[in-house]
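Structure, as structure tokens:
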Amino acid sequence: MVAIVLSGAVPADAAEAGQFGWPLRPRPTVERKFDKPERNWLPGHRGVDLAGVVGQSVLAAGEGIVVFAGDVAGKSVVSIDHPGGLRTTYEPVRAQTSVGSRLSKGAPIGTLMAGHEGCPVTACLHWGARRESGAHNRREYVDPLGLLHEVPVRLKPLQP
């Protein structure tokens, strides 16, 4: 048997190591978690909702290229393609970048707007992520929090 021990809490304002980081600073609270649908067309929550404030700067979670900045069904959205077939989306965001822009991790992409449905606080950033699967170019929604490698995972035996 193996136990997973999490250690090494990271301060909210610390520089983030790794390929991806939080899209809001300081580190936000998660108001609604990821709930992967059984099939892409079924109900679920295809991202996480992060508490923020109206006008707060929204940052690129990782290096990439802006592939969309505009409105979808009345919502202001920014989408970034990252190396390896990953796409992250951010809404509602008043874009300050344009399609084709190359961004580094932590680069500002826009400002947070009010009006995300189901948000229990003044403003929430809906942050989503999906990967292009190899088989038949299928899209798979993934938990964006899984992109963050903040806490080292240590596997230790339960019994000596």
Side-chain angles (χ1 to χ4, degrees), residues 2-37 43-72 75-98 101-132 139-156:
V2 175
I4 298 176
V5 178
L6 302 177
S7 62
V10 176
D13 59 349
E16 295 174 309
Q19 189 175 358
F20 291 93
W22 289 95
L24 295 176
R25 303 252 172 74
R27 179 182 169 166
T29 59
V30 176
E31 295 295 329
R32 187 171 173 201
K33 294 180 179 182
F34 178 77
D35 179 18
K36 184 176 180 171
H45 191 237
R46 294 161 177 81
V48 295
D49 293 344
L50 306 175
V53 295
V54 173
Q56 182 175 1
S57 186
V58 178
L59 312 172
E63 171 188 329
I65 298 172
V66 177
V67 293
F68 185 84
D71 288 345
V72 175
K75 298 176 189 175
S76 297
V77 178
V78 175
S79 295
I80 301 172
D81 276 359
H82 306 277
L86 181 76
R87 175 174 291 181
T88 55
T89 58
Y90 312 78
E91 65 175 78
V93 175
R94 180 171 286 114
Q96 295 174 333
T97 189
S98 56
S101 297
R102 292 186 179 276
L103 304 171
S104 59
K105 175 178 133 183
I109 61 171
T111 56
L112 184 58
M113 301 168 63
H116 183 61
E117 186 178 328
C119 179
V121 296
T122 306
C124 278
L125 174 68
H126 177 81
W127 180 33
R130 72 174 196 225
R131 289 197 187 280
E132 296 292 334
R139 296 177 177 151
E140 177 187 7
Y141 292 98
V142 296
D143 186 345
L145 297 179
L147 303 174
L148 305 172
H149 300 289
E150 301 183 300
V151 180
V153 176
R154 308 224 193 285
L155 300 176
K156 296 185 177 184

Exercise. Going by heavy atoms in the side chains, are Arg130 and Val142 under 4.5 Å from each other?
Worked result: no
Exercise. What pair of heavy atoms forms the shortest contact from Ile80 to Ala60, and how long is it?
Worked result: CD1-CB, 3.8 Å
Problem set entry | Minimum side-chain heavy-atom gap Val54-Met113 below 4.5 Å | no
Exercise. Is there a salt bridge (charged side-chain N to carboxylate O under 4.0 Å, His left out) between Lys75 and Glu91 once you walk through the steps?
Worked result: CA-CA 7 Å; Lys75 298 176 189 175; Glu91 65 175 78; 3.7 Å; yes
For this session: Let me see the working for Glu63 and Ser104 under side chain to side chain contact (heavy atoms under 4.5 Å, CB included), right down to the final yes or no.
Result: CA-CA 4 Å; Glu63 171 188 329; Ser104 59; 5.5 Å; no
Problem set entry | Side chain to side chain, Asp143 and Val48, heavy atoms closer than 4.5 Å | yes
For this session: Answer whether the closest heavy-atom distance between the side chains of Ser101 and Val66 falls below 4.5 Å.
Result: yes
Problem set entry | Heavy-atom pair of closest approach, residues Ala51 and Val121 | CB-CG2, 3.9 Å
Exercise. Side chains of Thr29 and Glu31: donor-acceptor distance under 3.5 Å anywhere?
Worked result: yes
Problem set entry | Tyr90 side chain reached by Leu125 side chain, heavy atoms, under 4.5 Å | yes
Problem set entry | Over all atoms of both residues, closest heavy-atom pair of Ala123 and Ala114 | CB-CA, 4.5 Å
Exercise. Say you draw a straight line from NE2 of His82 to CZ of Phe20; how long is it, rounded to the nearest 0.5 Å?
Worked result: 5.0 Å
Problem set entry | Over all atoms of both residues, closest heavy-atom pair of His126 and Asp49 | ND1-OD1, 2.9 Å
For this session: Could you tell me the separation between the CG atom of Leu147 and the OG1 atom of Thr88, rounded to the nearest 0.5 Å?
Result: 8.0 Å
For this session: Drop me the distance from Arg27's CZ to Leu50's CG, to the nearest 0.5 angstrom.
Result: 10.0 Å
Exercise. Under 4.5 Å between any side-chain heavy atoms of Val77 and Asp71, yes or no?
Worked result: no
Exercise. What heavy-atom pair brings Val93 and Gly110 nearest, and what distance separates the two atoms?
Worked result: CG1-CA, 3.8 Å
Seminar exercise, completed: dist Ser79:OG -> Ile109:CD1 (nearest 0.5 Å) comes out at 9.0 Å
Exercise. Do Leu145 and Val30 have side-chain heavy atoms sitting under 4.5 Å apart?
Worked result: yes
Problem set entry | Stepwise side chain to side chain contact (heavy atoms under 4.5 Å, CB included) check, Gln56 with Thr111 | CA-CA 5 Å; Gln56 182 175 1; Thr111 56; over 6 Å; no
Problem set entry | Point-to-point distance, once rounded to the nearest 0.5 Å, from CZ of Phe68 to CZ of Arg87 | 10.0 Å
Exercise. Are side-chain heavy atoms of Thr97 and Leu103 found at a separation under 4.5 Å?
Worked result: yes
Exercise. Do you know which two heavy atoms are closest between Ala129 and Leu86, and how far apart they sit?
Worked result: CB-CD1, 4.2 Å
Problem set entry | Pairwise distance OH(Tyr141) to CZ(Phe34) - rounded to 0.5 angstrom | 9.5 Å
